[in-house]
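The structure appears right after this line, and notes come after that.
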Amino acid sequence: MRNPLARTPGTLRDKVVVITGAGGGMGREMALLAAGQGAVLAISDWDADALAGTVDLVKGRGAEVRSDVVDVSDRAAVAQWAADVVGQLGRVDVLVNNAGVSMSGDFEDMSYEEFDWILGVNLHGVVNGTKEFLPHLIASGDGAVVNISSLFGLISMPGQTAYNATKYAVRGFTEALREEMIVNRHPVTVTCVHPGGIKTGIARHGRKTRGQDAAAIDRLFEKRLARMPAEKAARIILDAAVAGKARQLVGIDAHVIHHFAKLTGSRYQDIVARIAGRVIPDKKL
């Protein structure tokens, strides 16, 4: 059992930090930043090779790290992972449910299987991770849950019905969980994160419905929408976790679009639809 008195309040030093989706993007950058701050890491990803790359980078910073190949949509696998992490490291102080995927395309063209796939990772993955690690976060006496929603958990976008559904659900789940921690006086902060366009591979590695111009969609996201480096986003997220913030928007675009939607009310949907109709790539015929 690790010594709980070794932890430094208000920092990640000597805290056990669990991060899902750590094989790349914001997950990898959060792992590297946490390692640099002296955290002990337990990281996972479904991609063994990508995860191994993160492990090499983290070890290069002298951090203690445990890594596991885990499909967060697999409830039994997440339960076993949580048990193994606590069994080895003795406790968990911070959980970052970061793993996520994208599914682009109109709902009318989407299969049930495609919709279920993104629900499994983006929503059930968050639920599974939170359910299995929460008792240990409470027991730590100074726990933190960080769930990654999206700007699309605050506003909706055509072609993103499935992604919107999962990210709105993550937001609602996370905000209610935070309220429960307060009501029950548990020593766990809960933070919901809403990133805007971040330079990650989520669009390129995501799925598109049949008939979509995948290359054009990827170019749109990577060239015009993804503005912030993943490292900068990771730093903002970890700072929010340490501060115990209830909500953290990431990126100027997230702040601007969120406030635009608040100002215009439901009318934002009509404005977005008109703009999107000129920007979103046409379907392949």
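All residue numbers refer to positions in the sequence shown, counting from 1.
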Flag if over 12 foreign heavy atoms under 6.0 Å of CD1, Ile271: yes
Phe107, CZ: over 12 other non-hydrogen atoms inside 6.0 angstrom: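 For Phe107, atom CZ is not crowded (no more than 12 foreign heavy atoms under 6.0 Å).
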Non-neighbouring partners of Glu175 that pass salt bridge (Lys or Arg N to Asp or Glu O under 4.0 Å), sequence neighbours left out: Arg171, Arg247
Euclidean distance, [Y] [atom2] relative to [X] [atom1], rounded to 0.5 Å:
X: Leu134; Y: Glu180; atom1: CG; atom2: CD; value: 9.0 Å
X: Met103; Y: Tyr163; atom1: CE; atom2: OH; value: 13.5 Å
X: Met26; Y: Ile236; atom1: CE; atom2: CD1; value: 10.5 Å

Worked verdict on Thr130 versus Phe173 for side-chain contact (heavy atoms from CB on, under 4.5 Å): CA-CA 10 Å; Thr130 304; Phe173 169 78; 3.8 Å; yes
Salt bridge flag under 4.0 Å for residues Lys245 and Asp239: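 No, this pair does not count.
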Are [Y] and [X] linked, directly or through intermediate hydrophobic residues, by side-chain heavy-atom contacts shorter than 4.5 Å (ILVMFWY only)?
X: Leu154; Y: Val256; result: no
X: Ile182; Y: Val190; result: no
X: Ile252; Y: Ile198; result: no
X: Trp46; Y: Leu119; result: no

Test item: Ser73 and Trp117 side chains (from C-beta on) under 4.5 Å apart, heavy atoms: no
Lys59 side chain near Val55 side chain, heavy-atom distance below 4.5 Å: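 Of all side-chain heavy-atom pairs linking Val55 with Lys59, at least one is under 4.5 Å.
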[X] side-chain N/O to [Y] backbone N/O, donor-acceptor pair under 3.5 Å:
X: Asp93; Y: Lys15; result: no
X: Asn184; Y: His186; result: no
X: Asp74; Y: Ala76; result: yes
X: Gln88; Y: Val85; result: no
X: Asp45; Y: Val69; result: no
X: Asn98; Y: Ile19; result: no

Trace of the side-chain contact (heavy atoms from CB on, under 4.5 Å) decision for His194 with Val250: CA-CA 6 Å; His194 298 274; Val250 182; over 6 Å; no
Ring geometry between His136 and Phe133 (parallel below 30°, tilted from 30 to 60°, perpendicular above 60°): perpendicular
Worked check of side-chain contact (heavy atoms from CB on, under 4.5 Å) between Val70 and Thr20: CA-CA 8 Å; Val70 179; Thr20 68; over 6 Å; no
Given Ile148, Asn147, Asn97, the one that forms side chain to side chain contact (heavy atoms under 4.5 Å, CB included) with Thr174: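 When Ile148, Asn147, Asn97 are each tested with Thr174, the side chain to side chain contact (heavy atoms under 4.5 Å, CB included) holds only for Asn147.
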Residue pair Val58, Arg28: steps toward the side-chain contact (heavy atoms from CB on, under 4.5 Å) verdict: CA-CA 9 Å; Val58 168; Arg28 172 175 286 182; over 6 Å; no
Sequence-distant partners of Asp68, side chain to side chain donor-acceptor pair (under 3.5 Å), two or more places apart: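 If we apply the side chain to side chain donor-acceptor pair (under 3.5 Å) test to Asp68, skipping adjacent residues, the hits are Arg66, Trp81.
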